[in-house]
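Only one structure is covered here, and it is reproduced in the block below.
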Amino acid sequence: MSFELNSLLVSLHVTYIQNLGKNKDDLTYHLTAHLRMNAIYWGLTALCTMNHREALDRNEMIEYVMSCWDEETGGFGAHPDHDAHILSTLSAIQILITQDAIDILDIDRVAKFILSLQQPSGVFAGDSFGEVDTRFSYIAVNALSLLGRLGDLDVEKTVAYIVQCRNFDGGFGSRIGAESHASQAFVCCAALTILDRLDEVDAPTLSWWLAERQLPNGGLNGRPEKLEDVCYSFWVLASLSMLKKVHYIDSGKLTSFILSAQDPEGGGIADRPGDMPDVFHTHFGLAGLSILGYPGLVDLDPVYCMPAALIEKMGLRKGWQALERRAS
């Protein structure tokens, strides 16, 4: 079976996501256990973007998520009996909200776990072992916002650390002194957007730096002199969306690049054409296409990386811009 890779292979991608994890005898399934909660969030959100949320069993998903709750810490692990981590905790919250099941969550305990990870400097650690990263600060802000607990956060301390991670090129690093990276630019922009502090960003310089991430083949890279990768379609576009500068990217060339990374046989999207697809790049490729206004896709909120209608219903929508959705 062959397809022209100039259109989105929705039915194949839906089937690809449905088949993930079915073969529990596969070594890869066990080697990726540390990403399981994140992978469920990626798959579910990708399905929502394609307007096929019902393709995965809701009750089975909720049961799995709750089996990963660590009653001792109040956070979620990536897999049953795994240590609680802020990454899997946010994914669990996002899944439960998307599936309209947040009422089963002990919000007080989860919020307490997240807040316990803030360090004296203002940055957040990922877990009790202490690794710090601006990603974790965004995750904390995102999660507390979704839980309605942003008022419990020391906002000034949180913002102060993020601002110290801003570099001369307008970008942001993973910690103070680290080089600028497109994914870190996203997490810092999004955290500041949720906190209504996007004015802390050097918008003109950062917008230029993000636009420079597009390569002649249309794909985007994460930093200078690196290869293009489909996932940066989201990190870069989402940041530009918050900065109201999506038009800085050649949307036609980027759309073609993302579509060319599809697997026309088994479905899924890879990091670049010819590589093996995975659910991470499938999700972020679709997220990028949504911001680009690809026909037939559902709007994705680039700040929370969740269905836009859901975020709007919760009263959490912030200012962002996507390209106008084209007719199919």
(request) For T73, check side chain to side chain donor-acceptor pair (under 3.5 Å) against everything at least two apart and list the hits. (result) D70
(message) For E212, give me all partners under side-chain contact (heavy atoms from CB on, under 4.5 Å), at least two apart in sequence or on another chain.
(response) W208
(request) Classify the ring geometry between F186 and Y138 as parallel (under 30°), tilted (30 to 60°) or perpendicular (over 60°). (result) perpendicular
(request) Sequence neighbours left out, what pairs pass salt bridge (Lys or Arg N to Asp or Glu O under 4.0 Å) with at least one residue falling in residues 285-296? (result) none
(message) By the side chain to side chain donor-acceptor pair (under 3.5 Å) test, which pairs, at least two apart or in different chains, include something from residues 146-155?
(response) D108-R149
(request) Hey, could you give me each pair passing salt bridge (Lys or Arg N to Asp or Glu O under 4.0 Å) that has a residue in residues 170-180? Not counting sequence neighbours. (result) E179-R223
(message) Checking side-chain polar atoms at under 3.5 Å, does S145 have a donor or acceptor matched by the opposite partner on Y304?
(response) yes
(message) With salt bridge (Lys or Arg N to Asp or Glu O under 4.0 Å) as the rule and sequence neighbours excluded, what pairs involving residues 269-296 come up?
(response) E228-R272, R272-D275
(request) Please say which of L289, D299, L300 ends up in a side-chain contact (heavy atoms from CB on, under 4.5 Å) with T49. (result) L300
(request) Identify the two heavy atoms, one from L146 and one from I97, that lie closest to each other, and give their separation to 0.1 Å. (result) CB-CD1, 3.6 Å
(request) Using salt bridge (Lys or Arg N to Asp or Glu O under 4.0 Å) as the criterion, list what pairs up with D83, not counting sequence neighbours. (result) none
(request) Return each pair, listed once, that meets salt bridge (Lys or Arg N to Asp or Glu O under 4.0 Å) where at least one residue sits in residues 180-204; pairs must be two or more places apart or across chains. (result) E156-R197, D196-K318, R197-E200
(request) Using the test side chain to side chain donor-acceptor pair (under 3.5 Å), find all partners of Q118 that sit at least two apart in sequence or belong to another chain. (result) T158
(request) Using salt bridge (Lys or Arg N to Asp or Glu O under 4.0 Å) as the criterion, list what pairs up with R166, not counting sequence neighbours. (result) none
(request) Could you label the plane-to-plane angle of the W42 and F280 rings as parallel, tilted or perpendicular, counting under 30° as parallel and over 60° as perpendicular? (result) perpendicular
(request) Tell me, please, which residues at least two apart from D133 pass side-chain contact (heavy atoms from CB on, under 4.5 Å). (result) R135, F136, S174, Q184
(request) Check the surroundings of atom CG in N51: do more than 12 heavy atoms from other residues, nucleotides or ligands lie under 6.0 Å from it? (result) no
(message) Within the supplied structure, the quantity of interest is the number of heavy atoms (other residues, nucleotides, ligands) at a distance under 6.0 Å from E63 CD; does it exceed 12?
(response) no
(request) Search all heavy atoms of L254 against all heavy atoms of S233 and return the closest pair with its distance. (result) CD1-OG, 3.6 Å
(message) If the condition is side chain to side chain donor-acceptor pair (under 3.5 Å), which residues does Y41 pass it with, not counting sequence neighbours?
(response) none
(message) I need the minimum non-hydrogen distance between I249 and A211, along with the two atoms involved.
(response) CD1-CA, 4.1 Å
